[in-house]
Structure formats: C-alpha cells, structure tokens
Amino acid sequence: MEEEAPHLLEERQKKERRVGLPELANAENGKVVLRFAPNPNGPLSFGHARGIVINGSYAKKFDGELILRFDDTDTSVKPPLIEAYQQIPEEAEWLLGFPPHRIVIASDRMEHYYEYAEMMLERGFGYVCTCSAESFRELRVAKSECPCRNQESEYNMELWNKMLDGTFKPGDSVVRVKTGMDLKNPALRDWPALRMQDTVKNPHPRKEIGSKYRVWPLLDFQSAVEDYLQGVTHIIRGKDLMDSTRKQTLLYQHFGWNYPETMYWGRVKVHEWGGFSTSQMRRDIEAGLFEGWDDPRLPTISALKKRGITSEALRQFWIELGVTQKDISVPLATLYSHNTKIIDDDAPRISFIRNPIKLQISGEHPQEITTLVHPNHESRGNRIFDISNHTVFIEEVDSNKPQLRLKEFADFDLTNDNAEFVSQSRTDKRPIVHWVSENDCHNARLIHPIDGEIMMISGVVENHDYEAGTMVQIERIGYGIIIDNSTIMFTHD
RNA sequence: GCUCGUAUAGUGUAGUGGCCCAUCAUAAAGGACUCUCAUUCCUUUGACCCGGGUUCAAAUCCCGGUACGAGCACCA
C-alpha cells in the first residue's frame with residue numbers, strides 16, 4: 001500500500017494546526033519583494049505596526065526584501081511631517097529587528113511618475129480632464145463620458161504642459177485613466193491619476209522639494225507605478241484598498257504589466273482606544289492635549305515603546321491576528337499577555353509603596369532582611385533592607401489591616417503607626433504585604449496612564465541602580481519600566 | 001443609491017467536503033505551587049449568523065436573507 005497509494009496513508013494523518021502567517025501565493029524564496037507605504041504625516045502608530053510586522057515577516061520568511069516607502073504626495077490634506085522621515089525608519093527597525101532593505105521616497109521620484117503619465121497620454125489610455133470635481137461626480141453616477149475623454153493625444157499633451165507650466169491652476173484639471181464609464185463599480189470609472197496642488201501656499205515640507213512641483217500623482221497612480229518600478233511581487237494591505245487594487249490592475253493592463261499578488265487584512269480597533277487617526281493625533285498634540293507623539297496615552301509606537309511594550313510582543317500580537325479580512329476589535333490584554341511572557345523571566349522585582357505610611361517597629365527583630373531580585377533565579381542576587389532604625393513604609397491601603405506579614409520579614413500586629421513584632425516565621429494566614437525600610441528607599445513616583453488620564457502616584461521606592469528602560473515587576477502592582485532613579489512608568493498588570 | 005468584502009466560544013484564531021459532538025491563544029472561574037494581586041502548572045466554562053439547496057457526507061460548496069465593515073475624494 002505504501003508503494004501503490006501513499007496518499008491514502010497521508011490523508012489518515014491528523015491535520016496539524018497552522019501556526020504563524022498563512023501561505024503566500026506564488027512566493028519564491030529569495031525573490032519576494034514586499035513594501036509598506038505609510039504617509040509620513042506622523043510617526044508610526046499601533047495600526048501601522050501591522051503593516052510593518054506582516055510585510056516584514058514575510059520578507060524575512062522568504063529571504064526577500066521589504067521596502068519602506070514614503071507616500072508623501074499630498075501637501076495640503078495630510079501634509080507630511082518632516083521629523084517622520086527619520087523617525088519612521090527607526091521605528092520600523094525597532095519593530096522588525098532589522099532595517100528595511102530599501103527606502104523609497106515618492107517625492108524624490110516625481111520624474112518617473114511624470115514619465116509614465118506622459119506615456120499614458122501618448123498611448124491614449126489617459127486624458128487630461130478639465131471638468132470640475134462636482135460635474136465629474138455626476139457623470140460617474142450617470143455612467144456617461146465627459147467631453148475630455150475623446151481628446152486626441154496631441155491635445156492631451158498640450159493640456160498636460162499647461163498643468164506643468166502653471167497655466168492651469170489647482171482644480172482646473174486632472175489626469176484620468178481611461179477605464180470605462182460603464183463599469184459596474186462606480187469607484188473604478190475613469191479614476192484620477194494626477195492632480196495639481198498649490199505648493200506655493202502649501203509647500204512640501206522637505207525643503208529640497210518645497211514648491212518644485214505643481215503636478216502631483218495620487219495614491220493609486222503613484223503606488224501602482226512605483227510598485228512596478230521596484231519589482232514588488234506581493235502587496236499585503238488593508239481591505240479598504242481593495243478597490244485600489246482593482247483600479248491599479250486596470251492601469252497595469254493598459255501598460256501590459258502583471259499586477260502583484262495581493263492579500264488584505266480587515267479593520268482593527270482596540271477596545272481601549274477605539275479608532276485612531278494620525279491626523280487627529282497630530283491636531284491634538286498641536287493643540288496641547290498631549291505632551292507629544294510619545295505621550296503614554298497615545299497609540300503610537302513611540303508611546304508603546306516608552307511605556308514598556310516590547311517589539312517582540314508587538315510582533316507576536318500581529319502575527320497571531322494573522323491576515324484575515326474580518327473587522328475586529330481586540331483588547332489590550334492580549335498584547336499585555338504577550339509582553340508579560342517576554343519580560344517576566346528577566347524583570348527584577350522591586351517594591352514601590354503608594355501613599356506610604358510610616359511604621360515604627362517594636363520588639364526584637366532582625367536588623368537586616370535579604371530577599372531575591374528574582375524569585376525564580378537565585379543567581380540574580382539579593383535585595384537588602386536595613387531596618388536598624390526600626391522604621392518601614394507600607395501602602396496606605398495595607399495600613400488598616402490589624403494583622404499582617406511584611407513579606408520575607410515577619411508577622412506584625414498593627415496599632416496606629418506602631419507595628420508590634422510577633423514572629424519571624426509565618427504563624428497564620430494573615431495577609432502578606434510588600435514594604436520598604438526607611439534606610440533603603442527614596443521618594444519616587446509611579447506614572448500610570450489610565451482612561452485617557454495620566455495618574456501620578458507618589459510614594460517611595462526601594463533603592464536601586466537600574467538603568468532607564470529596564471523592565472521591572474513592581475511587587476503586588478504590575479510591570480513597569482524605569483524612567484529614572486525615582487520614576488517608574490506603569491506598563492500593565 | 002451603486003460596488004466590494006467579511007461572518008467559528010466574551011475576545012482573537014485554526015479549519016478549503018468525511019480526521020470536527022471543531023484547534024490554539026486570551027479572558028473569566030476554580031485549584032496546585034509560591035512569604036507579590038507576579039511567574040509556572042492543572043481543571044472548568046464557552047462557538048460554526050439565519051433559511052434553503054447540492055452531496056452518502058457541509059463549519060467547509062451554491063443560492064437567498066440578516067448583520068457589520070469598506071470604496072464610489074483633485075486624502076493616504
């Protein structure tokens with residue numbers, strides 16, 4: 001049987017659960033080229049991370065390339081932010097663990113777009129349309145052609161030159177791709193490829209570009225041409241761009257090109273954040289509602305990084321969600337759970353006392369207590385608390401417990417601010433609370449972003465010399481990241 | 001209005017006609033370990049949108065409905 005019908009044996013096998021990313025159609029090892037193309041109108045946000053992680057992971061898996069492309073062709077509606085040109089590649093590298101293989105800036109590639117626009121006009125599958133946006137909208141709905149559609153290519157070139165030399169003004173004309181006004185899908189009918197922008201009034205923020213160009217490509221055209229020029233083999237993007245694929249495929253047919261393989265993901269919301277738009281965040285920051293792009297309340301990559309979310313957790317999170325076209329809403333708990341698994345084994349334990357209450361200790365007791373930096377790793381060393389002055393701090397919420405055990409120290413009975421030593425060994429089920437000795441702590445604050453507010457919790461923290469950026473486990477509170485010697489940012493439970 | 005897409009436990013996700021009285025994770029609840037409300041481990045709860053059809057056999061294919069989302073921008 002093995003020889004005659006091996007497939008029958010194979011089919012008996014239990015199907016294994018697929019883990020990780022789904023298969024990529026027509027992917028040849030070493031020849032896969034993917035791209036992620038954000039508008040640099042702000043630094044990367046949580047949602048962008050999906051594009052970086054998914055495309056980057058496929059590039060890595062197939063030993064291919066990831067292009068990071070700045071689609072910065074709009075200077076008025078969503079103008080680029082100059083800092084983003086540097087910040088985005090840094091954030092992309094942080095997220096991926098490797099830098100993008102190529103970086104392409106659309107505003108550096110205008111001559112190419114012009115070249116293909118002219119080719120389109122010369123070959124007769126594009127035309128300069130001088131109808132107003134409103135009147136064309138009516139034509140699109142009515143499935144009727146506009147008069148400009150049947151112009152000779154010489155005349156189109158004439159009008160094109162009027163766009164280039166500024167005889168035409170923004171709004172006067174636009175270059176359209178001839179796809180058909182009778183197409184079933186209204187979104188595809190003779191779509192606009194290039195338009196004019198007033199770059200004197202709204203100069204491009206890159207100073208080498210500034211007011212250099214009047215005519216600018218729109219996304220569908222620029223992206224399509226650039227994907228071709230860069231040899232992109234696979235496009236993975238949001239399903240809101242499905243009609244973009246259809247538009248671009250029609251353009252590719254005109255040029256005689258083959259469109260890349262495409263995959264889409266659905267819309268993602270986070271329970272705690274709702275939707276998020278870069279433009280809106282930019283307005284809010286400029287209005288002073290937030291401290292900056294890395295304000296811990298914001299769903300940006302820089303904020304998450306600053307709060308102590310690891311890139312590894314972000315990668316696992318997005319890969320786990322996969323590339324389904326479902327519109328989903330996920331809780332942050334999922335991301336936090338990944339993060340906990342990554343940091344816990346390494347995070348030193350530290351005591352932070354919120355709203356500290358000072359306690360005088362009476363009775364015979366040890367002068368010094370030693371406890372582990374990490375309960376699962378003795379090799380990580382000890383923490384030492386000196387209580388020779390008989391003074392410790394506990395949290396205010398613990399101070400109303402008449403009987404308690406100071407963790408790793410001893411059982412005590414409380415009366416007001418006095419703690420009577422009972423026993424060093426554990427004698428009953430009294431609650432165990434964390435504490436610090438007055439001799440080994442200093443004033444500190446815990447920054448806790450919650451519900452759109454930033455709570456500043458003052459207290460005392462045990463003395464430590466952890467560097468900024470160290471992830472710690474704050475005993476009985478959660479995980480946090482060291483900001484400086486007297487500041488910890490709360491990361492999550 | 002036209003066009004397109006999606007629909008599996010609370011939340012995500014696997015599943016492409018028999019292996020599925022449905023996978024894994026997360027969440028919740030309970031428990032073990034533990035001198036943290038941490039980590040680790042164990043247990044439990046819990047789902048194929050609805051209605052037809054095709055087939056010996058459907059979560060999986062087809063049709064209809066419903067719900068949700070997206071596009072129809074001189075934004076990306």
Side-chain angles (χ1 to χ4, degrees), chain A residues 11-19 22 37-41 70-80 106 129 131-134 136-137 140-141 143 170-176 183-189 191-197 215-216 218-220 222-223 237-247 264 266-269 271 277-279 316-317 320-322 324-331 333-338 340-341 343-345 347 349 351 371-372 374-376 405-411 424-426 430-434 473-479 493:
Chain A
E11 280 179 352
R12 290 267 172 85
Q13 308 244 326
K14 174 98 177 163
K15 264 180 205 161
E16 277 177 29
R17 177 185 149 80
R18 178 179 67 70
V19 286
N39 176 357
N41 63 337
F70 293 104
D71 280 353
D72 59 344
T73 54
D74 173 70
T75 65
S76 47
V77 182
K78 292 176 180 171
C129 176
C131 302
S132 68
E134 304 78 64
F136 193 87
R137 197 171 302 140
R140 179 170 42 230
V141 173
K143 293 190 178 183
D172 289 350
S173 65
V174 61
V175 177
R176 292 187 181 280
L183 259 24
K184 264 172 60 179
N185 187 341
L188 311 185
R189 296 172 194 157
W191 52 271
L194 301 98
R195 85 316 201 169
M196 298 187 69
Q197 294 192 96
V215 180
W216 287 82
L218 287 151
L219 171 84
D220 289 313
Q222 178 270 126
S223 178
R237 57 183 170 190
K239 70 171 181 178
D240 52 313
L241 265 6
M242 268 182 170
D243 280 345
S244 242
T245 296
R246 298 185 182 102
K247 287 185 204 173
Y264 308 93
R267 209 191 54 173
V268 175
K269 277 187 186 172
H271 290 345
S277 114
T278 302
S279 313
Q316 289 180 3
F317 174 86
E320 187 177 62
L321 292 198
T324 67
Q325 292 185 29
K326 273 166 79 173
D327 297 314
I328 55 175
S329 182
V330 289
T334 310
L335 176 64
Y336 294 161
S337 155
H338 284 294
T340 297
K341 286 185 176 67
I343 63 179
D344 182 78
D345 196 53
R349 272 43 182 173
S351 282
T371 182
L372 291 170
H374 190 118
N376 304 351
R405 177 169 181 82
L406 300 188
K407 186 168 176 279
E408 309 276 3
F409 184 6
D411 289 354
Q424 192 168 2
S425 61
R426 194 137 194 236
R430 62 182 66 199
I432 299 166
V433 306
H434 66 296
Q473 205 269 326
I474 316 163
E475 293 204 330
R476 298 212 299 146
I477 297 176
Y479 295 89
D493 291 330

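Letters go in sequence order (proteins before strands), and every chain restarts at 1.
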Toward the 5' end of RNA chain B, which comes first, Asn185(A) or Asn39(A), by nearest nucleotide?
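Result: Asn185(A).
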Within a strict 4.5 Å, meaning less than it, do heavy atoms of the Asp74(A) and Gln197(A) side chains meet?
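In short, these two side chains touch, coming nearer than 4.5 Å.
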Is any side-chain N or O of [X] closer than 4.0 Å to OP1 or OP2 of [N]?
X: Arg349(A); N: U36(B); answer: no
X: Arg18(A); N: G15(B); answer: yes
X: Ser223(A); N: A76(B); answer: no
X: Lys407(A); N: U34(B); answer: no
X: Lys326(A); N: U13(B); answer: yes
X: Thr324(A); N: U13(B); answer: yes
X: Arg195(A); N: A76(B); answer: yes

Nearest-Å distance for atom pair [atom1]/[atom2], residues [X] and [N]:
X: Gln222(A); N: A76(B); atom1: CD; atom2: C1'; answer: 10 Å
X: Leu241(A); N: C75(B); atom1: CG; atom2: C1'; answer: 12 Å
X: His434(A); N: U34(B); atom1: NE2; atom2: C1'; answer: 17 Å
X: Ile328(A); N: C68(B); atom1: CD1; atom2: C1'; answer: 14 Å
X: Asp71(A); N: A76(B); atom1: CG; atom2: P; answer: 8 Å
X: Lys78(A); N: C75(B); atom1: NZ; atom2: C1'; answer: 5 Å

Check Asp344(A) with Arg349(A), please: is the shortest side-chain N to carboxylate O separation under 4.0 Å?
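Result for this pair is yes, salt bridge flagged.
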If you check the Leu218(A) side chain, which of A76(B), G71(B), A25(B) turns out closest?
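In terms of side-chain proximity for Leu218(A), the closest of A76(B), G71(B), A25(B) is A76(B).
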Establish whether the base of [N] is bridged to the side chain of [X] by a donor-acceptor pair shorter than 3.5 Å.
X: Gln473(A); N: U36(B); result: yes
X: Arg426(A); N: C35(B); result: no
X: Arg17(A); N: U23(B); result: yes

Complement of C68(B), any strand, by Watson-Crick or G-U distances under 3.5 angstrom
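Result: G5(B).
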